[in-house]
Amino acid sequence: MKFEDFLKYFSDIQICKCHDDYKYNVVKSKTDETHAVYFKVRINKTGHYYLTVNQDSKRKYLPRENYRYSDFCIVFGRDLGNGKYEYVEGFQRADKEVWTEGELKAGEYTVYVKINWFNKKTRPFTFSVYGVADAEIQEMSRESAQGFLEKLYTSKGRTSKKLEDYSYYNVADCSRAVELTDDGFGFIYYQNNSRYTLEEELYFKVLEGLKFRKPYRGNKINVTVRPGEEKCVVTKVLPDAKRIR
């Protein structure tokens with residue numbers, strides 16, 4: 001085939017990992033740059049899987065349209081029941097195809113997908129699962145996934161290497177972890193195993209490249225954690241942030 005014919009009949013070429021016995025399941029969706037999309041994924045067999053999000057190829061657009069790949073943020077966790085989750089993986093990148101792979105246990109998973117479209121328009125994308133067995137994928141309502149990120153990063157905070165207690169204040173049964181992940185999110189996790197209510201005011205003289213997720217806003221927040229409680233304050237890395245501080 002001549003190169004000119006290839007350009008005429010094909011949009012792009014990809015070199016993929018192919019497994020003859022793997023199963024491929026995909027759903028199409030669309031969203032704007034403001035709202036996230038949530039998926040419920042049922043893994044029927046424990047094993048190796050790829051999770052992938054695809055957007056339109058640049059080859060579909062003329063140079064004068066200035067099309068570029070938008071920033072994908074994907075985070076997912078295993079459903080433990082009773083509104084609890086176990087953090088599994090998160091990743092963020094601007095590319096035609098954004099994916100991750102790993103060993104997944106049989107069960108249900110919730111997947112968060114947020115796309116910061118470069119042109120601020122509603123656009124289509126696909127989400128797929130490729131692995132040792134068929135997976136069932138269903139798009140969820142945002143209402144049914146309310147509080148998902150806070151609960152997910154709560155589970156990550158419990159095992160964070162940055163978890164430190166309040167021994168400095170003579171309250172060793174209270175702990176806090178402050179962490180910025182590669183997922184496009186950061187979090188401040190609190191664990192209060194003491195007999196006292198923990199009240200903390202956080203003031204950031206400079207907050208660049210980050211913003212707090214609701215209900216927190218601005219550069220100053222107040223956090224209250226009652227005895228026996230956990231709490232997680234989630235921050236979002238802003239699209240096109242030049243630096244974070």
Side-chain angles (χ1 to χ4, degrees), residues 31-39 51 53 70-78 83-95 98 100 109-118 120 140 142-166 168-169 174-192 197-226 229-245:
T31 185
D32 57 25
E33 94 287 353
T34 303
H35 298 100
V37 181
Y38 296 86
F39 297 98
L51 272 65
V53 177
S70 299
D71 194 68
F72 278 151
C73 174
I74 307 170
V75 186
F76 69 100
R78 184 168 178 248
K84 296 182 179 180
Y85 303 91
E86 178 186 29
Y87 177 90
V88 176
E89 183 69 85
F91 47 104
Q92 179 177 249
R93 191 167 72 249
D95 207 341
V98 179
T100 188
Y109 294 78
T110 298
V111 182
Y112 166 100
V113 178
K114 178 71 182 297
I115 308 171
N116 297 301
W117 295 116
F118 76 96
K120 311 299 182 183
M140 305 168 58
R142 287 190 292 274
E143 291 73 23
S144 65
Q146 191 170 12
F148 169 69
L149 288 177
E150 285 71 22
K151 295 174 183 177
L152 194 66
Y153 285 110
T154 292
S155 82
K156 187 172 177 62
R158 292 188 195 113
T159 59
S160 174
K161 294 181 180 179
K162 297 187 177 181
L163 192 63
E164 298 179 349
D165 64 32
Y166 280 73
Y168 180 82
Y169 300 102
C174 288
S175 302
R176 185 182 75 170
V178 181
E179 188 171 333
L180 186 63
T181 73
D182 295 328
D183 313 346
F185 290 100
F187 64 85
I188 307 170
Y189 165 76
Y190 294 90
Q191 185 180 73
N192 186 357
T197 295
L198 171 64
E199 296 182 350
E200 187 166 74
E201 180 180 271
L202 298 176
Y203 172 69
F204 299 86
K205 185 176 181 180
V206 176
L207 191 62
E208 184 177 353
L210 293 169
K211 73 172 182 179
F212 289 104
R213 281 177 54 83
K214 294 179 181 178
Y216 302 101
R217 283 291 184 262
N219 286 37
K220 184 174 74 171
I221 65 172
N222 293 285
V223 182
T224 301
V225 190
R226 294 179 175 83
E229 281 190 345
E230 296 175 291
K231 187 159 288 187
C232 194
V233 178
V234 179
T235 59
K236 180 73 179 79
V237 177
L238 297 175
D240 302 321
K242 303 301 181 185
R243 60 178 177 175
I244 299 170
R245 60 179 183 147

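Heavy-atom minimum distance, Ala177 versus Gly157: CB-O, 4.4 Å. The nearest pair of heavy atoms linking Tyr109 to Phe76 is CD2-CD1, 4.2 Å. Shown here for Cys232 and Glu150, the closest heavy-atom pair between the two residues is CB-O, 3.7 Å. Between Asn116 and Ser70 the shortest heavy-atom distance is O-CB, 3.4 Å. The two residues Ala145 and Met140 come nearest to each other via the heavy atoms CB-CE, 4.0 Å. Between Ser160 and Glu179, the shortest heavy-atom contact is OG-OE1, 2.6 Å.
Counting only heavy atoms from C-beta outward, the side chains of Thr100 and Ile74 never approach each other to under 4.5 Å. Side-chain contact between Leu152 and Val234: absent, with no pair of heavy atoms (C-beta onward) separated by less than 4.5 Å. In this structure the side chain of Phe72 never reaches within 4.5 angstrom of the side chain of Asp95, judged on heavy atoms. Between Leu198 and Thr224, the closest side-chain pair of non-hydrogen atoms is not below 4.5 Å. Looking at heavy atoms from C-beta onward, Val223 lies out of side-chain contact with Ile188 at the 4.5 angstrom threshold.
Counting heavy-atom neighbours within 6.0 Å of Asn219 CG, excluding the residue itself, gives a total above 12. Heavy atoms of other residues, nucleotides or ligands lying less than 6.0 angstrom from CD of Gln146 number 12 at most.
The CD atom of Glu201 sits 9.5 Å away from atom CD1 of Ile221, with the distance rounded to the nearest 0.5 Å. To the nearest 0.5 Å, atoms CZ (Arg176) and CG (Leu163) are separated by 10.5 Å. Between atom CD of residue Glu86 and atom OG1 of residue Thr110 there is a gap of 12.5 Å, rounded to the nearest 0.5 Å.
Ring geometry for Tyr112 versus Phe185: interplanar angle over 60°, hence perpendicular rather than tilted (30 to 60°). By the 30° and 60° cut-offs, the orientation of the rings of Tyr153 relative to Tyr87 is tilted.
Side-chain atoms of Thr197 do not come within 3.5 Å of backbone N or O of Arg226 as any donor-acceptor pair. The backbone N or O of Val75 lies less than 3.5 Å from no partner atom in the side chain of Asp183, so there is not a single donor-acceptor pair. When atom types are taken as modelled, the side chain of Arg217 and the backbone of Phe212 share a donor-acceptor pair closer than 3.5 angstrom.
One side chain, Tyr189 or Gln191, offers a donor N or O that lies under 3.5 Å from an acceptor on the other.
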Worked verdict on Leu149 versus Phe187 for side chain to side chain contact (heavy atoms under 4.5 Å, CB included):
CA-CA 10 Å; Leu149 288 177; Phe187 64 85; over 6 Å; no

Criterion side chain to side chain contact (heavy atoms under 4.5 Å, CB included) on Ile115 and Val37, from CA distance to verdict:
CA-CA 9 Å; Ile115 308 171; Val37 181; over 6 Å; no

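In terms of the side chain to side chain donor-acceptor pair (under 3.5 Å) criterion, Glu33 has no residue partners (sequence neighbours excluded).
Sorted by first and then second residue, the salt bridge (Lys or Arg N to Asp or Glu O under 4.0 Å) pairs with a member in residues 151-164 read Arg158-Glu230; sequence neighbours excluded.
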